[in-house]
2 protein chains.
Amino acid sequence: MTARKTKYLSLAERRAYHSLEDIVGCKWSAGVVASIARGVRRPGELERYIPGISKKILNERLRKLTDYRVIERQEIPDRVKHVEYRLTPTGEKLAHLIEQLQELGQQHLDSLPG
Amino acid sequence: MTARKTKYLSLAERRAYHSLEDIVGCKWSAGVVASIARGVRRPGELERYIPGISKKILNERLRKLTDYRVIERQEIPDRVKHVEYRLTPTGEKLAHLIEQLQELGQQHLDSLPG
DNA sequence: CGGGGTGGTTACCGTTTTGTGCCCACTTAC
DNA sequence: GTAAGTGGGCACAAAACGGTAACCACCCCG
């Protein structure tokens, strides 16, 4: 980050980040993105894959992520309801950043004295 | 993210991210880190630089970030109280990721139809 | 038919998190 | 003395968030 040190953090900057902060920021979101990135695409599958997440929260996140165009929802024709979510290009980049965040967190933890 | 698709998201993975999620995750945190990365080092300065943040939240974040060793607090000898915060190595890496997150968010917003 | 799977919603309630305002001690300038 | 700036704390109200559980419609199998 280049030290610009303008008077304020611009509104645009705050909002730009905010759109992704809303995603990375709330509980489970990063896990959902990371899971989809790993190929877990169906809601029920995600629910089982991410231990502890509730149906409600999972759906809330999926909807939000879809609204942000970070993932895409597609219904697959079948006799049984079949839905799959996949990452959009932005979603993939986001997943990559989340992964780096996870790695950084891990390294950091390992380096702590306590 | 390589598609491993193990049965579950491991606890370690969830926790590793959690340590940084606690930082990136809560409101204002990213802004504080980004601001410090830009050279805004003093509490009062940060308060003015980040429009809308409250004294309380700012202090809470500074304390949390300090606890996590993402930033360091130093009192500078002066007749007047003079405190400065700066990023630790991890903090700089984190700031870099946050910056990328902001950029990605910005690009993404620009690319949206609506 | 009942039981189980799919995907999804809603109401309710408790906990967390934010935000507001007031307070502290200290120093400097007026 | 008074005002304003430094860094910081606390109590409280307001808002956001999460978790539980019930419920919907649909389809399939036995």
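Small disclaimer: the values here were computed from a predicted structure and weren't measured. Within every chain, numbering begins at 1; the chains are lettered A, B, ... in the order of the sequence lines, protein sequences first and strands thereafter.
Computed from coordinates, the E47(B) CD to dG9(D) P distance equals 13 Å when rounded to whole Å. As a whole-Å value, the separation of I53(A) CD1 from dC17(D) C1' is 13 Å. As rounded to whole Å, 14 Å separates atom C1' of dT6(D) from atom CG of L46(B). Atom CZ of R41(A) is separated from atom C1' of dG7(C) by 18 Å (rounded to the nearest Å). Rounded to a whole Å, the CG atom of L62(A) is 10 Å from the P atom of dT9(C). Across the protein-nucleic acid pair, E75(A) atom CD and dT6(C) atom P stand 16 Å apart, rounded to whole Å. The NZ-C1' distance, from K27(B) to dA15(D), rounds to 10 Å in whole Å. dT6(C) atom P lies 13 Å from atom CD of E84(A), rounded to whole Å.
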(message) I need a per-nucleotide contact map over nucleotides 20-30 of chain C, read 5' to 3'. Cutoff is protein heavy atoms under 4.0 Å; write B for the base, S for backbone only, - otherwise.
(response) B------SS--

(message) Using side chain to side chain contact (heavy atoms under 4.5 Å, CB included), reason through I71(A) and V32(A) one step at a time and then give a plain yes or no.
(response) CA-CA 10 Å; I71(A) 60 176; V32(A) 172; 5.6 Å; no

(message) Using the rule given for side chain to side chain contact (heavy atoms under 4.5 Å, CB included), can you reason through S29(A) versus K64(A), listing the C-alpha separation, both sets of side-chain angles and the distance that settles it, and then say yes or no?
(response) CA-CA 9 Å; S29(A) 281; K64(A) 185 181 273 187; 5.6 Å; no

(message) side chain to side chain contact (heavy atoms under 4.5 Å, CB included), that's the test. Do K93(B) and L97(B) meet it? Break it down for me.
(response) CA-CA 6 Å; K93(B) 289 177 201 148; L97(B) 285 179; 6.0 Å; no

(request) Show the numbers, then the answer: is there a side chain to side chain contact (heavy atoms under 4.5 Å, CB included) between I50(A) and V40(A)? (result) CA-CA 10 Å; I50(A) 307 173; V40(A) 187; over 6 Å; no

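Scanning both residues, E92(A) and L87(A), for their nearest heavy atoms gives CG-CB, 3.7 Å. Minimum heavy-atom separation, H108(A) to T90(B): ND1-OG1, 2.8 Å. Of all heavy-atom pairs between S35(B) and L46(B), the closest is CB-CD2, 3.6 Å.
For dG7(C), neither phosphate oxygen OP1 nor OP2 lies less than 4.0 angstrom from any side-chain nitrogen or oxygen of R63(A). Dashed line: the shortest gap from a side-chain N or O of R42(A) to OP1 or OP2 of dG7(C) is under 4.0 Å.
For R48(B), taking side-chain heavy atoms from C-beta onward, the closest of the listed nucleotides dG9(D), dT18(C), dT6(D) is dT6(D). Side-chain atoms of E60(A) lie closest to dG18(D) of the nucleotides dG18(D), dT18(C), dG7(D).
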